[in-house]
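What follows is a short report on a single structure.
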Amino acid sequence: MNAIELWQRYEAWLYYHEGLDLYVDISRMGFDQAFVDRLQPKFEQAFMDMAALEGGAIANPDEGRMVGHYWLRDPDLAPGDLGQAVTTVLNDIEAFVQQVHAGTIKPAEADKFTNILSVGIGGSALGPEFVSEALAPINPMMDIYFMDNTDPAGLDLVLDRLGHDLKSTLVLITSKSGGTPETRNGMLEVKHRFEELGLDFPSHAVAITMIGSKMDELERMEGWLAEFPMFDWVGGRTSEMSAVGLLSASLLGIDIRSMLQGAKEMDAATRIPELKNNPAALLALAWYYTGNGKGEKDMVVLPYKDSLLLFSRYLQQLVMESLGKEKDLDGHVVHQGIAVYGNKGSTDQHAYVQQLREGVPNFFATFIEVLKDRSGPSIAVEPEATSGDFLNGFLQGTRAALYDNQRESITLTINEVTPTMVGALIALYERAVGLYASLVNINAYHQPGVEAGKKAAASIIDLQRQVLSVVKAVDQPLPLVTVAEKAGAADQVEAVYKILRHLAANDRGIVLQGDRRQPSQLTVLSQ
């Protein structure tokens, strides 16, 4: 297309939401009207599917539950008394935060809570991390630290940085089931450090979990400072607007009511059953087209604003856990999904944009443009040009350079990064994922692959216990293969070897003897 035709296509497909001051531009995707017409019946079904979802239909047959994250920002839509439960939690969060900030709720060892330590993983961490990075003020009400893995060195780093400031640290432990191993391990590590420092962990601890979970029982037994409920109809990757995300955001001084309002406004916009007037449907259309309805291209997310650095990480879980499915709703093997990665502009122009423009064309880009540069005036770094002008130039230039080499892109434009807009962006992608899932006939609201990984990890820990029992029962070296056989794992020699190698590296009473280049010839000795 020539420049005039591109401009006309831009105008024809540009979406603008006046209330949110948000633009969605899919004009640099290569679909034509004939393709849109062919997809129209699928969209009609997708709109009906989303309406049924919000109406309370069972969306996760594996667990027999509804999916209602939309009710978190519009409780009036929730069936039965669920709306009142949502409102109660929100009011309780605000009352708790007000008392923490005022010093009415405080630790025994300090005058006030000054830090937050958030312990969680996946949806219990990515949303809060993204929001805190995007929206926390320069001088937040409290400082926040995250533990989002079971890496001992990473846990030590966070705890060492806090040091004696743990005495004024509020610890948020977030786990829906209360039994998530990574979160449980983090909690136990934190409790141990509190005990080493002579601090009372329960008076610093807040549980965010489901009523009746293992953590709920532990919280009640130990007498923690507070507990906020999670709902079984809110999945981890869509839980940012629940206590999971709202509590830490409010403690930081972020306006959570505005976040909820932004999401509510976007929900209303994405309910409109008309493709061109529904921004989430436009995203789903673009995704379906470029990946042939099979996720054949990766989504590269390029936010041109430092505060949105973690948006791509947040979208990785939302998109990939929702859409990465082996089977469709009819039980056919389809291996669906869209891979997501990204960092930020213009940093990426000095990293992997070279490949995006000239390498394997296995992606589409999503540019996030923020119009407002900063809160105050900008100096000129060159005649009639500011730093922000350069950032805008890099975005426009990269978009054009990609298009010139037949590389497709989507551009989302917002005025500035605010709580309202962050809430809207989260809601936009939540709905886009739901609509796309309907287009490709999969269930976006279960995650059997995640559960399979958890079970496999648990089996390794069980095998480790068996291996240790075998090795400690003898006082002479045993061949590696013999250890595997005696542990009942003759067909898992590699797993046994890797378990023993890890134990030996961590001074866990295991010594490996022999040529490390030939693991099968190693012998194992217990010290």
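Source: prediction; values computed, not measured. Positions are given from 1 along the sequence.
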Any side-chain heavy-atom pair of [X] and [Y] under 4.5 Å:
X      : Y      : result
Tyr15  : Ile26  : no
Ile410 : Phe364 : yes
Val158 : Met147 : yes
Asp330 : Asn441 : yes
Arg399 : Phe367 : yes
Asp143 : Ile116 : no
Val206 : Val171 : no
Met259 : Ile254 : yes

Atom pair CD/OG of Glu129 and Ser118 - distance to nearest 0.5 Å: 7.5 Å
From Leu412 atom CG to Leu425 atom CG, the distance as rounded to the nearest 0.5 Å: 6.5 Å
Residues Gln261, Thr420; criterion side-chain hydrogen bond (donor to acceptor under 3.5 Å, both in side chains); working and verdict: CA-CA 6 Å; Gln261 182 59 33; Thr420 300; over 6 Å; no
Parallel, tilted or perpendicular: ring planes of Tyr23 versus Tyr16, cut at 30 and 60 degrees: tilted
Parallel, tilted or perpendicular: rings of Phe47 and Phe43 (30°, 60°): tilted
Tell me if the aromatic rings of [X] and [Y] count as close, with their centers under 6.0 Å from one another.
X      : Y      : value
His204 : Phe113 : yes
Phe394 : Tyr304 : no
Tyr341 : Phe363 : no

Taking [X] for its side chain and [Y] for its backbone only, find out whether a donor-acceptor pair lies under 3.5 Å.
X      : Y      : answer
Thr290 : Trp287 : no
Ser322 : Leu318 : yes
Lys297 : Ala339 : no
Thr87  : Gly83  : yes

No-hydrogen, no-angle side-chain donor-acceptor test under 3.5 Å, [X] and [Y]:
X      : Y      : result
Gln316 : Ser312 : no
Asp165 : Ser168 : no
Glu189 : Asn185 : no

Sequence neighbours excluded, every pair satisfying ring-ring contact (aromatic ring centres under 6.0 Å, His included) that has a member inside residues 66-91: Trp71-Trp233
Selection residues 423-436 - residue pairs positive for side chain to side chain donor-acceptor pair (under 3.5 Å), sequence neighbours left out: Glu54-Arg431, Arg73-Glu430, Thr270-Arg431
Arg193 with Glu196: basic N within carboxylate O range, under 4.0 Å: yes
Carboxylate-amine/guanidinium contact Arg237 Glu321, below 4.0 Å: yes
